[in-house]
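Everything below concerns the one structure shown next.
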Number of protein chains: 2
Amino acid sequence: MAPDRATPTIHDVAAAAEVSPATVSRALSRPQLVAEATVQRVLLAAGKLGYSPSPQARWLHTGKSNALTLVLPDITNPFFFDLIRGAQHEAAGAGYTQVLVDTEESADQERDQLIAARNASDGAVLGGSRLPGAALGELAAKFPLVLVNRQARGVPSVVIDTLPALTEAVDLLFRLGHRRIGYLGGPESAWFEPRRWQAIRTAAVDHGMSCRRLGSQPPTRAAGEAAAAEVAVTEETAVITYNDLQALGLLHGLEELGVSVPDQVSIVGCDDIFGADLTKPALTTVSGAAEQAGELATRALVDRLRTGEAPRRVNQVVPAKLIIRNSTGPSSVARRG
Amino acid sequence: MAPDRATPTIHDVAAAAEVSPATVSRALSRPQLVAEATVQRVLLAAGKLGYSPSPQARWLHTGKSNALTLVLPDITNPFFFDLIRGAQHEAAGAGYTQVLVDTEESADQERDQLIAARNASDGAVLGGSRLPGAALGELAAKFPLVLVNRQARGVPSVVIDTLPALTEAVDLLFRLGHRRIGYLGGPESAWFEPRRWQAIRTAAVDHGMSCRRLGSQPPTRAAGEAAAAEVAVTEETAVITYNDLQALGLLHGLEELGVSVPDQVSIVGCDDIFGADLTKPALTTVSGAAEQAGELATRALVDRLRTGEAPRRVNQVVPAKLIIRNSTGPSSVARRG
DNA sequence: TTGAAAGCGCTAACAA
DNA sequence: TTGTTAGCGCTTTCAA
């Protein structure tokens, strides 16, 4: 019994089929260059041995790993689940393997991982980057990179355009009679944070509503829950949160405090993550097809790899829409302190 | 301007640091073999060039890719996200890269991917396998493999032991006065399906309760929702579902039909996925630390890789417990038809 | 402490 | 149509 342990190499197959390694290589990757009978012999031998060519050895020669890296700040966030799913699906469809990396919200880790990805894969999709734009530009100059929910000079990107829907949300609140609204902010390092705040404030001002930013909070359920105490006693009759995780936490926190949603306070989230339609009241939120964003970003990356260097700066935008559920209702200003 | 495109190699660093490539290699992987000053020089040069060693080239020599493959039947299921998270965390902690693969519930794809994983990575964690036990044994003989929520002869595994908690759930229902309960089955190909059904039925029989299996359904929200119509008109006063996705769907479906939970029907899920505590009523379910299972499986895999071939057959079990929330209540037999 | 050289599995000129 | 050969980036003897 020969040790079965070692993975068979091209040489084993060559020996078994009584041809040279080069012929095996050709039979497998460009069979039209090899006599039909030979191809069959090689295929048979390869099948018997359970041979499959090593991507690393191939990479060494071709420079292609047929792998894509997906770099995310925090796999914990359900918002990214959809992104992962979309990216995975598209990558697999294009014949690429997907490598998943979590940077734990650290810019340093992000940069290191991107550098490592450079020769572990053919390109990377980078979601929710914490890196400064200049760093992204540099990285992208050396390595095919597509950004999601972030833009940087000269780097292709896919952004879920939540801003118009957020404006719509403010319109909705206005129509419902709200005159004082709050915005529960996200992390300062998030590219979208100032943009969301600005879109909301602008819309509020346009309507002559007052709009207050309730600090900068982590994008978590816990942060939303913690904010409930403040929201319960303020004059705002409606709160828009940076994301759904916060909204869900806030919803729960308010319930614990005996504050009724939407009767006393209306809540609008953002992302439409799994579970946003499960709460009672179901969450009014901005739904943005994160899965599609993952697909588009991966497709853009694959296209770029296929067409060689195509450094066209393409910033794709996927639309988002306001999903009105039950966490928003008529202003309660009369009933509140 | 030299073409900045090409990834720097060990030779570039060697040239920049004015040492040989061998020294660079040593300075990076076994610095104690190199003079302190030289190490510094190499590190500096490497940093400047943004160098990072190619895992593939390294693999060629060492036979180690420092990558682990996580193979899952369906990334769509939130249950697997916890698994992914745990595995990812553990892999990263051990210095491994994580490759994520979705087999789309296909046994063929699963086998192919596992074969490909064989030389794309050092080992694989395989969750919710659809492959026959014999195939798993063969695969595992040639390639380090750890199973999650599945057992097969000679293959190490981590199983979330939901069975005792399911028995507990039946006990709970009994105490609440339920005498007729239903089990909404999962996919036939799922290893756990017959085991869950058996545990539930046995417990029910022990209590002298009637217990009926409501067919074999996909593990999805849609399936749960579709089952609502039947549940609404049957004599069962409580339903245990194969998983939370079904339970969530059922909950929603019953609500649509005007059937009150838990007043008219009690529901018990399984998995405690994200969102299970968000519904109203919040879902009573079996919580099994999928994240921990992912960690344990990955750790077992890493241990095995480190200790060389350690073919001890280890079947780890992570406990699960019944989380009693609000979807379970006193039997409504008096009030129902 | 460092360098030279061989070789890992595979592919692609080139030669036959 | 097939084989020979060289070399990809890196590690690791072996020698200096």
Side-chain angles (χ1 to χ4, degrees), chain A residues 5-43 45-46 49-67 115-122 142-143, chain B residues 3 5-43 45-46 49-67 97 115-122:
Chain A
R5 305 239 133 265
T7 306
T9 75
I10 201 169
H11 291 101
D12 301 321
V13 180
E18 301 184 306
V19 294
S20 75
T23 301
V24 175
S25 173
R26 280 188 287 250
L28 262 27
S29 44
R30 295 122 137 276
Q32 65 280 20
L33 295 181
V34 176
E36 178 56 21
T38 314
V39 172
Q40 291 309 328
R41 212 141 37 90
V42 169
L43 254 30
L49 294 173
Y51 170 77
S52 126
S54 155
Q56 7 270 13
R58 185 172 275 172
W59 168 89
L60 210 51
H61 213 263
T62 61
K64 300 291 154 215
S65 62
N66 276 312
I115 289 178
R118 223 180 130 178
N119 41 21
S121 59
D122 297 341
K142 304 181 181 171
F143 182 55
Chain B
R5 305 233 134 267
T7 306
T9 74
I10 201 169
H11 291 100
D12 300 322
V13 179
E18 301 183 306
V19 295
S20 76
T23 301
V24 175
S25 172
R26 280 188 285 250
L28 262 27
S29 43
R30 292 119 139 279
Q32 65 280 20
L33 296 182
V34 177
E36 178 57 20
T38 313
V39 172
Q40 292 309 329
R41 209 140 39 89
V42 170
L43 255 30
L49 294 172
Y51 168 78
S52 125
S54 156
Q56 7 269 15
R58 184 172 276 172
W59 168 89
L60 209 52
H61 214 260
T62 60
K64 300 291 154 216
S65 62
N66 276 312
T97 282
I115 289 178
R118 219 180 131 180
N119 41 21
S121 58
D122 298 340

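Just so we're clear, the structure is a prediction, and the values are computed from it rather than from any experiment. Quick note: numbers below take in every heavy atom, side chains included, and nothing from hydrogens, waters or symmetry partners. So that the names make sense, note that chain A is the first sequence line, chain B the second, and so on, each numbered from 1.
- Not counting sequence neighbours, the partners of B:Ser65 by the side-chain hydrogen bond (donor to acceptor under 3.5 Å, both in side chains) test are B:Asp122.
- Using a 4.0 Å heavy-atom distance criterion, B:Thr38 is classed as a sugar-phosphate-only contact.
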Taking only N/O atoms, report every protein-nucleotides 6-9 of chain C pair under 3.5 Å with atom names and distance.
from  : atom 1 : to      : atom 2 : distance (Å)
C:dG7 : N2     : B:His61 : NE2    : 3.2
C:dG9 : N2     : A:Ala57 : O      : 3.3

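- Between A:Pro21 and A:His11, the shortest heavy-atom distance links the atoms CG-CD2, 3.5 Å.
- Contact between A:Trp59 and B:Ser54 at its shortest, heavy atoms only, is CH2-OG, 3.0 Å.
- Set against D:dT12, C:dT2, D:dT2, the side chain of B:Thr23 has C:dT2 as its closest nucleotide.
- Counting heavy-atom neighbours within 6.0 Å of B:Glu18 CD, excluding the residue itself, gives a total of 12 or less.
- Separating the CG atom of A:Asn66 from the P atom of C:dT11 is a distance of 11 Å, rounded to the nearest angstrom.
- Computed from coordinates, the B:Glu36 CD to C:dT1 P distance equals 11 Å when rounded to whole Å.
- The line from CZ of B:Arg58 to CG of B:Asn66 is 7.0 Å long, rounded to the nearest 0.5 Å.
- Following rounding to the nearest Å, A:Gln32 (CD) and D:dT2 (C1') show an atom-to-atom distance of 15 Å.
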Interface polar pairs with nucleotides 14-16 of chain C, N/O, under 3.5 angstrom:
none

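- The CG atom of B:Leu49 sits 11.5 Å away from atom OG1 of B:Thr7, with the distance rounded to the nearest 0.5 Å.
- Rounded to a whole Å, the CD atom of A:Glu18 is 11 Å from the P atom of D:dG3.
- Heavy-atom distances to DNA chain C give each of A:Val24 and B:Ala22 a nearest nucleotide, and the one nearer the 5′ end belongs to B:Ala22.
- Using a 4.0 Å cut-off, no side-chain N or O of A:Ser20 falls inside it from OP1 or OP2 of D:dT2.
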Checklist entry - Do A:Val39 and A:Leu28 pass the side chain to side chain contact (heavy atoms under 4.5 Å, CB included) test, and can you show the C-alpha distance, the side-chain angles, and the key distance before you say yes or no? => result CA-CA 8 Å; A:Val39 172; A:Leu28 262 27; over 6 Å; no
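- The interatomic distance linking A:Lys64 (NZ) with D:dC8 (C1') rounds to 14 Å, in whole Å.
- Contact detail for A:Ala120 and A:Ala67: the closest heavy-atom pair is O-CB, 4.0 Å.
- When all heavy atoms are compared, the tightest approach of B:Ser29 to B:Pro31 is C-CD, 3.6 Å.
- One interatomic measurement links the two molecules: CG of B:Leu33 to P of D:dC14, which rounds to 15 Å at whole-angstrom precision.
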